[in-house]
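Report on one structure; see the data block that follows.
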Amino acid sequence: LGVEIPENFKGKDFLGEFVVNTVKHVEIYPEEELYYNILETKEFANDIRKVVLEYYGINVSESFRLDENEKLLKIGPTASLLATYTLQHSYNFLEWNPIFYSQNCLGYAIGKTSKLQVGETIGITVTTKTDIQTILSMVGYDLRNMGYSHANGYMYKPTVPSGMKLICVRRGPIDYHFMKLDGDVWYHKPGTYSRPLKFKYSSEAAVIWTNEGVDRYGTSYAPDTTYNSAIGYIIY
């Protein structure tokens, strides 16, 4: 591909699958910049995207028109496979809203209409080497800095006091993901381009999480990463 492989990806079992899945995603959604919470993963994915678009003769700097009523012409052999995936662990429960483009998993989990990265308010960046306990601690600092003075993290599922909310986080080899509890149901938003989804299981630990999603057209797409660490919880 002519793309430099980040040190934390070299020699890893998931490298080949990540590259293949990224190429497939770009073929299906050439208009979309790839989004991951961890910067080195995001940059690597978009370096691959640049090469794929150049291969198909698409100007990387071109501004794609995101028309709500018309799909862009897809490129490459993967496009024909778009309609073959069925969500495995979540339900699609919402119609598309353009505000979803402005949210990531953490922003959605705490009810913001914008993206929020772990460590953003304290000037620390999560990398592929950051463990789940550190991520949990960083989120606690972020939330307290945002005015949630009683935000606290736990490595076990706590009892939620009246008037407080619960979110949880899990990380995988290349990224992390958040879900929020509403009543007895977990909800989450995989990345920038998916609709929010309703988790199928009452237990957040029932399965290994993935970033499968549903695009703005209502089409389900397969995951390209998993989140398999211990689960951290934050009451705020």
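For the ring pair (Phe, Tyr, Trp, His ring centres under 6.0 Å) criterion with His89, the lone passing option out of Phe199, Tyr201, Trp186 is Tyr201.
The number of heavy-atom neighbours closer than 6.0 Å to OH of Tyr141, taken from other residues, nucleotides and ligands shown, is 12 or below. Shown here is Gln133, whose CD atom has more than 12 heavy atoms of other residues, nucleotides or ligands within 6.0 Å. Within 6.0 Å of atom CG in Leu94, more than 12 heavy atoms from other residues, nucleotides or ligands are found, so the atom counts as buried in its surroundings. Within 6.0 Å of atom NZ in Lys129, 12 or fewer heavy atoms from other residues, nucleotides or ligands are found, so the atom counts as exposed in its surroundings. Within a 6.0 Å sphere centred on NZ of Lys198, heavy atoms belonging to other residues, nucleotides or ligands number 12 at most.
In this structure, the side chain of Asp224 does not engage the main chain of Ala222 through any donor-acceptor pair within 3.5 Å. The closest donor-acceptor contact from the side chain of Arg49 to the backbone of His25 lies at 3.5 Å or more, if one exists at all. The backbone N or O of Asn37 sits less than 3.5 Å from a side-chain atom of Asp175, completing a donor-acceptor pair. Judged by distance alone, with hydrogens and angles left aside, the side-chain atoms of Arg195 form a donor-acceptor pair with the main-chain N or O of Arg216 at under 3.5 Å. Proximity of a side-chain donor or acceptor of Lys189 to a complementary backbone N or O of Ser194 within less than 3.5 Å is detected. Checking side-chain atoms of Asn104 against main-chain N and O of Thr192 turns up no donor-acceptor pair under 3.5 Å. With Lys157 contributing its side chain and Tyr233 its backbone, the two residues share no donor-acceptor pair below 3.5 Å. In this structure, Gln103 contributes its side chain and Lys112 its backbone to a donor-acceptor pair below 3.5 Å.
With a 6.0 Å cutoff to the six-membered ring centre and a 45° limit on the axis angle, Lys200 counts as a cation-pi contact of Tyr91.
Between Phe14 and Phe9, the angle of the ring planes goes over 60°, which puts this pair in the perpendicular group of the 30/60° scheme. In this structure, Tyr101 and Tyr193 have perpendicular ring planes: the angle between them is above 60°, well past the 30° mark.
Between Glu7 and Lys10, at least one side-chain N (NZ, or NE/NH1/NH2) sits under 4.0 Å from a carboxylate O, which counts as a salt bridge.
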Checklist line | side chain to side chain contact (heavy atoms under 4.5 Å, CB included) evaluation trace for Thr225 with Asn21 | finding: CA-CA 9 Å; Thr225 194; Asn21 286 336; over 6 Å; no

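With contacts defined as side-chain heavy-atom distances shorter than 4.5 Å, the pair Met146/Ile110 qualifies.
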